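One structure is given below, encoded as structure tokens.
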Amino acid sequence: MLAIARSRPPGPFRPGFWRSPLRGPWLTAVFGLVLLVGISVLFVTGLLSYAAYNPGLGRVNDHTPGKGLLGFYLFTWPTHPYWLYRVTQGVHVTLGVVLIPVLLAKLWSVIPKLFEWPPVRTPAHAVERLSLLLLVGGAIFEFVTGLLNIQLDYIFPGSFYTLHFYGAWVFIAAFIVHVGLRIGRMRRALRSRSLSAELRTDTAHTEPEPPDPYGLVAAVPAAPTMSRRGALGFAGAGSLALLVVTAGQSIGGPWRRTALLAPHNRNPGRGPNGFQVNKTAAAVGVTAAAIGPAWRLHVHGSGPALTFTREQLLKMPQHRAALPIACVEGWSTDDQHWSGLRLRDLAELAGVPHAGSVMVQSVQPGGPFSNVLLAGNQIHDPRSLLALHVNGAPLSINHGYPARIIVPANPGVNNTKWVGALTFRT
Ligand SMILES: Nc1nc2c(c(=O)[nH]1)N[C@H]1C(S)=C(S)[C@@H](COP(=O)(O)O)O[C@H]1N2
Ligand SMILES: [Mo]
């Protein structure tokens, strides 16, 4: 041990290397408190997002069939209020983006600890450092996979859910241990200085925090080039800027134009079909032939299969519902006025009036999202439609012509476009 201690490498491993006079337990605790609250909300909204897919319905919807006990909290996702998923997922994605500057500031404030020497002092110290590896690694993994997913669409084909879901549990376990170990220290540190006094202190009057036993305060602090107020303001302004260019994609209305970071066309055109398209028909290989005059809807239930042309569907009683599309990527549309057939009427036609689930199949070839299971409560909600029209016009090809699913509070991905078959089961 002594030999290792003596062989301390140069550079960041030397106590004199880290010289910012701002680092200290108080500043770390302020960022830590914001992350404590924010990450708790991220975790809960993330669990809700997973529940919203109704993975309990079976293999078709469940992208993490090996989850075991981790699905303990799953429940049937409600259809009320109809904007539920728009809010929970909008908060999840927006908050995740907004917390990035705070996460970076927090990591900056503790970075000297990464270069502790000797790297391991005692077995307990080794366990603690390992838990920090899971904590920091887990945080970076969750933020990076989340960001890639919202910016580049499904860069991890089919497995984003698996990675982000298991990553979240690893991360949250390390997070809970970390909070348990540090909450006392955080509270003491927060009480050690007054926030309002810090916010009135300029650079010239900025003094280092008193030396601390944890090694955050610089051993040889440099003269300040920025106040603590400046550091908090810098991170806060970063978060605010991200909020302003992100939140509009979920809030909608005139705010949509401020969503500069939104990956999905901020200006999706005019007219009845002028709202965001996630994937175009061409992008997913839906051919003109598959949705042309030869298209049929096949409805399976208790009796022989029923087959309908679009004209036949249009002659049946049409119902209306004003519902948004809300995507797992955080963007959502404003309420659109859909009309078409009620899923519960189709269930009745199929001879399964008390249907407990329906398997929705798209004419889209292959792909993990062309088959979806919807639950009984979703079928029986009178606003759940197999939509043929939107805002008074026939669905455009990119919005799912000839027919698509629209269900209140349903994650966008389960509102299947270009539907070819429905199979109702009790
Ligand atoms: N067949 C099929 N349906 C689909 C998709 C798809 O790729 N294929 N994308 C889903 C996703 S992820 C979303 S968010 C919504 C978007 O609907 P919109 O493009 O009409 O806005 O459609 C869903 N329905
Ligand atoms: Mo989506």
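Everything numeric here is computed off the predicted structure, so don't read it as measured data. As the structure lists them, so they are numbered: ligands from 1, and atoms in each ligand from 1.
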Under 4.0 Å from any heavy atom of [X], which atoms of ligand 1 are there?
{"X": "Q276", "result": "18 (P), 19 (O), 21 (O)"}
{"X": "S362", "result": "1 (N)"}
{"X": "C327", "result": "14 (S)"}
{"X": "V277", "result": "19 (O), 21 (O)"}
{"X": "N415", "result": "22 (O), 23 (C), 24 (N)"}

* Asked: Using 30° and 60° as the class limits, which term best fits the ring planes of Y161 and H63: parallel, tilted or perpendicular?
  -> parallel

* Asked: For ligand 1, is R404 a contact, meaning one of its heavy atoms is under 4.0 Å away?
  -> yes

Would you say that [X] contacts [Y] through its side chain, given a criterion of any heavy-atom pair below 4.5 Å between the two side chains?
{"X": "V170", "Y": "F141", "value": "no"}
{"X": "D212", "Y": "W26", "value": "no"}
{"X": "V277", "Y": "H399", "value": "yes"}

* Asked: Taking non-hydrogen atoms only, is I325 closer than 4.0 angstrom to ligand 1 via side chain, backbone, both or neither?
  ->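 The answer is the side chain of I325.
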
Please check whether [X] reaches ligand 1 - meaning an N/O of the residue sits under 3.5 Å from an N/O of the ligand, judged on distance alone.
{"X": "W331", "value": "no"}
{"X": "W418", "value": "no"}
{"X": "Q364", "value": "yes"}

* For Y82 and D381, what are the C-alpha separation, side-chain angles and deciding distance, and is it a side chain to side chain donor-acceptor pair (under 3.5 Å)? -> CA-CA 10 Å; Y82 72 91; D381 190 299; over 6 Å; no

* Test item: N54 side-chain N/O and W77 main-chain N/O as donor-acceptor pair under 3.5 Å -> yes

* Is it the case that Y214 and T28 place a side-chain donor and acceptor less than 3.5 Å from each other? -> no

